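For the numbers below, each heavy atom of this structure counts, side chains included, while hydrogens, waters and symmetry mates do not. None of these values were measured; they are calculated from a predicted model.
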Amino acid sequence: MEDNELSVFVSAFELSGFTGAINWYRNLDRNWHLMANIKPIIHQPTLIIYGEQDTIPKSET
């Protein structure tokens, strides 16, 4: 990633931060009912992209 490309993301996070996205997960115990009737399975072809330095192990499938 070039420095000018990275600066776009840095600018966006400087304005809004990451708090909104993280708060959704922090509040799951209170708003679980919003997704209670949704099946957590994706029924369509899906691509997962892994980075070389990801800490999450790659899927066997």
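L15 forms part of no hydrophobic cluster, judged by ILVMFWY side-chain heavy-atom separations under 4.5 Å.
Applying the side chain to side chain contact (heavy atoms under 4.5 Å, CB included) criterion to W24, with sequence neighbours excluded, gives L28, N31, L34, M35. Partners of N23 by side chain to side chain contact (heavy atoms under 4.5 Å, CB included), not counting sequence neighbours, listed by chain and number: T19, R26. Remark: F13 engages F18 in a ring-ring contact (aromatic ring centres under 6.0 Å, His included) (not counting sequence neighbours).
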Please tabulate, for the side chains in residues 48-57, all donor-acceptor contacts under 3.5 angstrom to protein atoms that are two or more places apart in sequence or on a different chain.
residue, atom, partner, partner atom, Å
Y50, OH, S59, N, 3.0
D54, OD2, G51, N, 2.7

Would you mind writing out the side-chain donor-acceptor pairs for residues 3-11 within the sub-3.5 Å range, not counting sequence neighbours?
residue, atom, partner, partner atom, Å
E5, OE1, E2, N, 2.8
S7, OG, N4, O, 2.7
S11, OG, S7, O, 2.9

